[in-house]
Every structure is written in structure tokens, then in C-alpha cells.
S.K.: 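First, the structure itself, so that you have it in front of you.
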Amino acid sequence: MRGAMKVFWNRTGIALTLIPVLVVRGLIFGFSAQNGETSGGLSRQITAWLAGIFIPDFELLAQEQQELIHSYMGLAIRKMGHFTEFAALGFFLMLHIHQIARRTAVFHPWLWAWAVGTVYAVSDEVHQHFVGGRNPAVTDVLIDSAGVIAGVCLLLLFLRWQTKRSNK
């Protein structure tokens with residue numbers, strides 16, 4: 001059974017690893033297509049939920065204090081969202097390029113994964129320029145690119161762990 005699974009994975013690995021890349025790209029595109037009001041409302045809901053968990057009696061604070069908390073927490077949550085979604089993209093891009101590299105000579109697959117993810121981050125910000133109430137930001141590209149690298153490194157660590165485990 002193990003041999004049959006290996007043959008199946010060798011034949012279909014490239015196609016199968018492309019699916020999560022496309023799914024994550026679609027999710028990123030969908031979030032970027034939200035207008036400023038919708039995107040801000042989602043961030044506000046997440047912030048309110050987290051504030052209710054981590055800040056005792058949040059609802060009892062003065063309105064100005066609640067708004068200040070929403071402002072700072074909302075910014076942090078949005079930036080963490082950028083980082084996380086692009087870390088997922090980096091992870092799956094690296095997995096896909098790793099499958100390609102197993103069959104062809106790919107020079108520094110991690111560099112390709114990072115470059116493709118970063119180019120997608122730039123295109124994401126360009127896309128936001130055309131969405132009402134949204135503004136592109138260079139800082140978001142930097143955060144997204146850092147997320148891609150984190151995802152790539154996470155997969156590389158996993159592959160190294162898996163290799164060491166299988167050699168025992």
C-alpha cells in the first residue's frame with residue numbers, strides 16, 4: 001500500500017500541491033476585494049471579540065477608551081492577518097515548488113517561493129488601489145513578504161524534521 005501511495009504522489013504531487021496555492025490566493029483576493037467599510041467592519045468585529053476576551057469589563061470602559069483600543073488592536077489584527085495569510089501562501093508555494101524541484105533542476109526553490117509570494121503581495125496592493133475605501137501600502141507588502149518567508153521556513157523545517165525522522 002505504501003508503494004502505491006508513493007507512485008500516486010509522484011504522479012500527481014505537482015497538481016495536488018497547486019490546489020492549496022490557488023485556494024489561498026483566492027482567499028487573499030477575496031479579502032482584498034472587500035471595500036473599506038466591509039473590511040473595517042470585519043476587523044472591528046474580530047477586535048471587539050478579542051477585546052471581550054482579553055480586557056476585563058471592556059464594555060464598561062469609556063467610549064474614548066474603547067475606540068482607542070479598537071484603533072490599536074484593529075491595526076495589529078489587520079497586520080497579523082496580512083502576515084498569516086501570506087505565511088500560508090508561502091508554505092504552500094514552497095510545497096508546490098519543492099514538488100517541481102524533485103523532478104527538475106530548480107535553482108534555490110525557497111527563493112522562487114519567496115519571489116512569487118512577494119510579487120503576489122505587490123499585485124494584492126495594486127488590486128486594493130482599485131477597491132473603494134482601500135489604499136495600497138508599501139508596509140503591507142513588507143509584512144506580506146515577511147509572512148511568505150515565515151511560511152517557506154516553516155515548510156523547510158518540517159521537511160528537515162521529516163527527513164531526519166525517516167532516516168532513523
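As the structure is a prediction and not an experimental result, all values here were calculated from the model. Heads up: numbering here begins at 1 and tracks the sequence.
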S.K.: When rounded to the nearest 0.5 angstrom, what is the spacing between OG1 in Thr47 and CE in Met73?
M.R.: 6.0 Å
S.K.: Quick one, Phe92 with Val23, criterion side chain to side chain contact (heavy atoms under 4.5 Å, CB included). Give me CA distance, side-chain angles, the key distance, then yes/no.
M.R.: CA-CA 10 Å; Phe92 291 122; Val23 168; over 6 Å; no
S.K.: Assigning hydrophobic clusters by single linkage (Ile, Leu, Val, Met, Phe, Trp, Tyr; side-chain heavy-atom cutoff under 4.5 Å), is Trp49 placed with Leu61?
M.R.: yes
S.K.: Working to the nearest 0.5 angstrom, can you tell me the gap between Ile69 CD1 and Leu50 CG?
M.R.: 12.0 Å
S.K.: Return a table of donor-acceptor pairs under 3.5 angstrom between the side chains of residues 131-153 and protein atoms on other chains or two or more places apart.
M.R.:
residue : atom : partner : partner atom : Å
Arg134  : NH1  : Phe31   : O            : 3.2
Arg134  : NH1  : Gln34   : O            : 2.9
Arg134  : NH2  : Gln128  : OE1          : 3.4
Asp140  : OD1  : Lys79   : NZ           : 2.5
Asp144  : OD1  : His82   : ND1          : 2.8
Ser145  : OG   : Trp114  : NE1          : 2.7
Ser145  : OG   : Thr118  : OG1          : 3.0

S.K.: Is there a path from Phe158 to Leu89 through hydrophobic residues (I, L, V, M, F, W, Y) whose side chains come within less than 4.5 Å of each other?
M.R.: yes
S.K.: Assigning hydrophobic clusters by single linkage (Ile, Leu, Val, Met, Phe, Trp, Tyr; side-chain heavy-atom cutoff under 4.5 Å), is Phe54 placed with Met80?
M.R.: no
S.K.: Hydrophobic side-chain clustering at under 4.5 Å (ILVMFWY, transitive links): who's grouped with Val119? Put none if nobody.
M.R.: none
S.K.: Taking side-chain contact (heavy atoms from CB on, under 4.5 Å) as the test, write out the residues that go with Phe91, two or more places apart.
M.R.: Leu154, Leu155
S.K.: Running the 4.5 Å side-chain criterion over Ile, Leu, Val, Met, Phe, Trp and Tyr, what cluster does Leu68 land in, apart from itself?
M.R.: Tyr72
S.K.: Verify the cluster assignment for Leu27 and Phe83: are they in a single hydrophobic cluster under the rule of side-chain heavy atoms below 4.5 Å apart?
M.R.: no
S.K.: Can you sort out the partners of Glu67 under salt bridge (charged side-chain N to carboxylate O under 4.0 Å, His left out), two or more places apart, ordered by chain and number?
M.R.: Arg44
S.K.: Rounded to the nearest 0.5 Å, how far apart are CG of Leu16 and CD of Gln99?
M.R.: 8.5 Å
S.K.: Who pairs with His70 by ring pair (Phe, Tyr, Trp, His ring centres under 6.0 Å), at least two apart in sequence or on another chain?
M.R.: Phe58
S.K.: Roughly how far, to the nearest 0.5 Å, is the OG1 atom of Thr84 from the CD1 atom of Ile77?
M.R.: 11.0 Å
S.K.: Just jot down the side-chain contact (heavy atoms from CB on, under 4.5 Å) partners of Val116, sequence neighbours excluded, or say none.
M.R.: Leu93
S.K.: For Trp110 versus Met94, what's the shortest heavy-atom pair and its separation?
M.R.: CA-SD, 3.5 Å
S.K.: If hydrophobic clusters are built by linking Ile, Leu, Val, Met, Phe, Trp and Tyr wherever their side-chain heavy atoms come under 4.5 Å apart, do Val21 and Leu156 end up in the same one?
M.R.: yes
S.K.: Linking directly or through intermediates, with side-chain heavy atoms under 4.5 Å: list the remaining ILVMFWY members grouped with Phe107, chain and number order.
M.R.: none
S.K.: CD/Gln63 to CD/Gln65 distance, rounded to the nearest 0.5 angstrom?
M.R.: 10.5 Å
S.K.: Mind checking side-chain hydrogen bond (donor to acceptor under 3.5 Å, both in side chains) for Ser123 and listing every partner two or more places apart, or none if nothing turns up?
M.R.: none
S.K.: What salt bridge (charged side-chain N to carboxylate O under 4.0 Å, His left out) pairs are there with at least one residue in residues 57-66, not counting sequence neighbours?
M.R.: none
S.K.: For Ile100, enumerate each residue passing the side-chain contact (heavy atoms from CB on, under 4.5 Å) test, keeping only those at least two apart in sequence or located in another chain.
M.R.: Ile14, His96, Thr104, Val106
S.K.: Please check this pair: side chain of Asn167 against backbone of Thr163, looking for a donor-acceptor N/O pair closer than 3.5 Å.
M.R.: yes
S.K.: State the CG-CG distance between Leu159 and Leu95, to the nearest 0.5 angstrom.
M.R.: 7.5 Å
S.K.: Taking only residues two or more places apart in sequence, or in another chain, which ones meet Ser43 in a side-chain contact (heavy atoms from CB on, under 4.5 Å)?
M.R.: Arg78
